Amino acid sequence: MRVIPVVLALSASTAGAATTQAESEPIAAPIPPALPAPLDRPFHGAIELAVNATDTDHQVFSIRETIPVQASGDIVLLYPEWETASHAPTATVAELAGLAISVDGKATDWRRDAVNMHAFHVDVPKGASSITLDFQFLAPAKAHLLRPDMAIVPWQRVLLYPAGWYVRNIPVAAKLTLPPGLTAFTALAFQTIDDGTLGFQPVTLEQLVDAPVYAGRYTRRIMLNEGASHPVTLDLLADAEKDLAITRPEVDRVRALIGQGLKTFGSAPYRHYDAIVTLSDVLSPDGSGGGVEHLEEGENNLPATYFNHAAEQLNNLDLIAHEFVHAWNGRWRQPADLWSPTFNQPVGGSLLWVYEGQSEFWGRVLAARAGLRDRQQTLDKLAMDAATVANRSGRRWKDLQDSTNDAVFMAKHHVAMPDWQRREDYYAEGVLLWLDVDARLRQLSREQRGIDDFARIFFVKDSAPLTRTYTYRDVCDALDKVAPDDWAAFLDRHLHTRSADEAIAGLARAGWKLVYNDTPTETFRQDEEEAGAISFDYSIGLRIEPDGTVQSVQWDSPAFKAGLSPGAKVLEVGGQPFSTRLLLAAVQSASSKPLRIRADTGGHKRVVDIDYRGGLRYPHLERIKDTADRLSALLDAR
């Protein structure tokens, strides 16, 4: 936008007053020109990208990148901001440093865009052939991306790319130099150029970013489906060689998972698939797992003892399944508003209850079908899902549909009261939603069809080489093909309900109900251990750490009404020094005597009476007599 000055004729008597007024009143600055819009057009030549990942002392990646010039004039280079798996602007240009740019070998100045901090302008003269960049990616220390015995290379953090093209049209030829002695795993094809340096077969920028590299000193690769046309491998990387031990039954269960996934979804959307698993207490310090989805690989960061102490991993047993399902649900088929032609355009998350919620649901189901969890362990995990959903007090002001926006503005932000703020509830509530869909399909079809039939219709791979997007209407139409119904109204009830009973209605339709008793399941106990706190969520309404620090408080719970908040510290229970054992006993006996504690809240010590009479309460599932057991039918192996 250009701003054209307007000249006003002012009399001598008014000129001074007018000038004073103009100087005192702010005037909006002109908006800078928009950045080049991405176009679906050819890109001539290939970006050459060389990444040096050997500085493990400082966790610094050094990058040299050469970009073939497509046109002269003001060229804009973008540092990726929106990450596909986080559905949010979670990559920050603050981690880029030392940027130096030359054009055909001659150093040139650059300037950052005045509005978009992830955009850099370079003046390229006519006849120029290449732009060369040298810079560093300063990996955040807590991410532990670069260590002597293990390295993780997220490509979107170590490159810039020219604005004006779809990333699927930009070829990249990459090289990567790793610390000596590390073995690399990735879905990308590569060859070793020399000791420590890998040369990758040229791929599009989209394909490159969708296939990060994991490299480790202690590694093991296990083929999971020998002779298959679409091979799947289990790639293990550990901090210690002993943690690579995995028994034959454990391998067989992962093999069964792959088989059950293919039976559910039909043909594979990938040419090959690497289930990459790190076994590291450095990457999983609290004992909980975390993963990232890709079309031809899955990142699964799990505790060191995941395989050799599997009985202690009950809450992590469907992570590999969840990421594997994303090959179909998320990478092959993707919500239309989540798809973007670049890594710097905002996306929408209106269908995250399908993308993430249904993947979480299938994780529970496939883990059960493959024997990763036994039937009771699966019921116990579903009981925890149901209890989380049933006790979301924030449903009073924020529905599930609005929670699909959480990824954008809550990413990397602490949430003090998750039950009231409702952080990314499309995971757990998605499990209950899709359980209800399956039960409704069975009900309508007289137990002849279910959600597996939907999956084979909706996620089946056709000959199209690119991602296929879908809309809310497409989901309803596919369900209607399985069993006709007003699916839009059915799903809308789940997405907008203010009723906890409606949110967990799928349990009753499947023949089960949520109940509470005073005995925690082993799954619940392990969840407490991972959280580092004893959970009284369903009794007095708080979680408390071993030293008495209150970790969280349920909104409007007895603890909340008594004035406790996160960060408070319980000093005494019933006049005796605090211990979790003492508080457990006091809550259990609260029906016969008042629950009195002494707490320090922000330096103010006071006695607090918690008005509660219910005893200890832990979630379980129980069969509803004389009803169809549709849940068991869903969980049976195919």
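Not measured: the values here are computed from a predicted model.
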Under 3.5 Å, side chain of Trp155 to main-chain N/O of Ala211, donor-acceptor pair present?
yes
Short side-chain to backbone donor-acceptor contact, Asp274 and Gly298, under 3.5 Å:
no
In terms of relative ring orientation, are Phe61 and Phe137 parallel, tilted or perpendicular, with 30° and 60° separating the classes?
tilted
Decide whether Thr56 and Gln59 meet the rule of one side-chain donor and one side-chain acceptor closer than 3.5 Å.
no
List the atom of Asp104, the atom of Ser129, and the distance in Å for their closest heavy-atom pair.
OD1-OG, 2.8 Å
Centre of Trp328's six-membered ring, under 6.0 Å away, within 45 degrees of the axis: is that where NZ or CZ of Arg333 sits?
no
Using a distance-only test with no angle check, is there a side-chain donor-acceptor pair under 3.5 angstrom linking Glu95 and Thr92?
no
Can you tell me how the ring of Tyr270 sits relative to the ring of His230, calling it parallel under 30°, perpendicular over 60° and tilted otherwise?
perpendicular
Do Asn308 and Thr305 have side-chain N/O donor and acceptor atoms under 3.5 Å apart?
no
Sorted by chain and residue number, the side-chain contact (heavy atoms from CB on, under 4.5 Å) partners of Pro231 (sequence neighbours excluded) come out as Met223, Asn225, His272
With a cut-off of under 6.0 Å to the ring centre and 45° to the axis, is Lys461 in cation-pi contact with Trp332?
yes
Just by modelled atom types, is the Tyr306 backbone N or O under 3.5 Å from a matching donor or acceptor in the His309 side chain?
no
Determine whether more than 12 heavy atoms belonging to other residues, nucleotides or ligands lie under 6.0 Å from atom CG of Asp195.
no
Pair Asp406, Tyr426: side-chain N/O donor-acceptor within cut-off below 3.5 Å
no
ring-ring contact (aromatic ring centres under 6.0 Å, His included) for Trp362 and Phe265? Distances and angles first, verdict last.
CA-CA 11 Å; Trp362 281 119; Phe265 298 104; 5.5 Å; yes
Any donor and acceptor pair, going by atom type alone, linking the side chain of Ser284 with main-chain N or O of Gly287 inside 3.5 Å?
no
Does the side-chain contact (heavy atoms from CB on, under 4.5 Å) test come out yes or no for Lys175 and Ile193, once each step is laid out?
CA-CA 9 Å; Lys175 293 180 182 179; Ile193 300 174; 4.0 Å; yes
Quick one, Phe120 with Trp110, criterion ring-ring contact (aromatic ring centres under 6.0 Å, His included). Give me CA distance, side-chain angles, the key distance, then yes/no.
CA-CA 7 Å; Phe120 300 84; Trp110 55 264; 5.3 Å; yes
For residues 43-54, which side-chain donor-acceptor pairs fall under 3.5 Å, sequence neighbours excluded?
residue : atom : partner : partner atom : Å
Asn52   : OD1  : Thr54   : N            : 3.0
Asn52   : OD1  : Thr54   : OG1          : 2.5

Whether the side chain of Asn169 engages the backbone of Arg41 through a donor-acceptor N/O pair (distance < 3.5 Å, no angle test) should be reported.
yes
Contact list for residues 140-150, test salt bridge (Lys or Arg N to Asp or Glu O under 4.0 Å), sequence neighbours left out
Arg147-Asp239, Asp149-Arg217
Without swapping roles, check the side chain of Gln156 against the backbone of Ala91 for a donor-acceptor pair under 3.5 Å.
no
Closest non-hydrogen atoms of Val347 and Ser340, given as atom of the first, atom of the second and distance, are CG1-CB, 3.6 Å
Quick one: do the Glu83 and Thr90 side chains pair a donor with an acceptor below 3.5 Å?
yes
Have Asn301 and Thr278 got a donor and an acceptor in their side chains that come within less than 3.5 Å?
yes
Nearest heavy atoms of Thr404 and Gly349, plus distance in Å:
CB-O, 3.0 Å
Determine the interplanar angle of the Phe458 and Tyr470 rings, folded into 0 to 90°, and report it as parallel if under 30°, tilted if 30 to 60°, perpendicular if over 60°.
perpendicular
Given the options Val76, Asp109, Leu77, Ile75, His121 meets side chain to side chain contact (heavy atoms under 4.5 Å, CB included) only with Val76
Enumerate the salt bridge (Lys or Arg N to Asp or Glu O under 4.0 Å) contacts for residues 342-363, please, sequence neighbours excluded, ordered by first and then second residue.
Glu360-Arg364
Main chain of Pro68, side chain of Gln70: is a donor-acceptor contact present, judged purely on distance under 3.5 Å?
yes
Inter-residue atom distance Leu234.CG - Leu224.CG, 0.5 Å rounding:
5.5 Å
Main-chain N/O of Gln334 paired with Trp339 side-chain donor or acceptor, under 3.5 Å:
no
Residue pairs involving residues 201-213 (criterion salt bridge (Lys or Arg N to Asp or Glu O under 4.0 Å); sequence neighbours excluded):
Asp210-Arg331
Mind listing the closest non-hydrogen atom pair of Ala327 and Pro269 along with its distance?
O-CG, 3.5 Å
The test is side-chain contact (heavy atoms from CB on, under 4.5 Å); show your working for Leu159 and Leu205 and say whether it passes.
CA-CA 10 Å; Leu159 57 82; Leu205 179 55; 3.7 Å; yes
Over all atoms of both residues, closest heavy-atom pair of Asp123 and Thr108:
O-OG1, 4.2 Å
Could you tell me which non-hydrogen atom of Asn316 sits nearest to which non-hydrogen atom of Gly289, and how far apart they are?
OD1-N, 3.0 Å
Would you please say whether a donor-acceptor pair under 3.5 Å links the side chains of Asn344 and His118?
no
Can you tell me if Arg64 has over 12 outside heavy atoms packed within less than 6.0 Å of its CZ?
no
May I ask you to decide if the ring planes of Tyr355 and His326 are parallel, tilted or perpendicular, using 30° and 60° as cut-offs?
tilted
Yes or no on side-chain contact (heavy atoms from CB on, under 4.5 Å) for Val167 and Val209, after CA distance, side-chain angles and deciding distance?
CA-CA 10 Å; Val167 293; Val209 168; over 6 Å; no
Aromatic contact, Phe185 with Tyr214 (centres under 6.0 Å)
no
Give a yes or no on whether Glu241 atom CD has more than 12 heavy-atom contacts from other residues, nucleotides or ligands under 6.0 Å away.
no
Short side-chain to backbone donor-acceptor contact, Gln421 and Met417, under 3.5 Å:
yes
Do you see a donor-acceptor pair shorter than 3.5 Å between the side chains of Asn329 and Ser359?
yes
Quick one: do Asp425 and Lys398 make a salt bridge, cutoff under 4.0 Å?
no
Between Leu302 and Leu319, does the side-chain contact (heavy atoms from CB on, under 4.5 Å) criterion hold? Intermediate values first, please.
CA-CA 9 Å; Leu302 290 160; Leu319 178 63; 3.6 Å; yes
Under the salt bridge (Lys or Arg N to Asp or Glu O under 4.0 Å) definition, can you give me all pairs with a residue in residues 277-300, not counting sequence neighbours?
Arg271-Glu296
Got a salt bridge between Arg221 and Asp235, using NZ or NE/NH1/NH2 to carboxylate O under 4.0 Å?
yes
Check: Phe307 main-chain N/O paired with Asp243 side-chain donor or acceptor under 3.5 Å
no
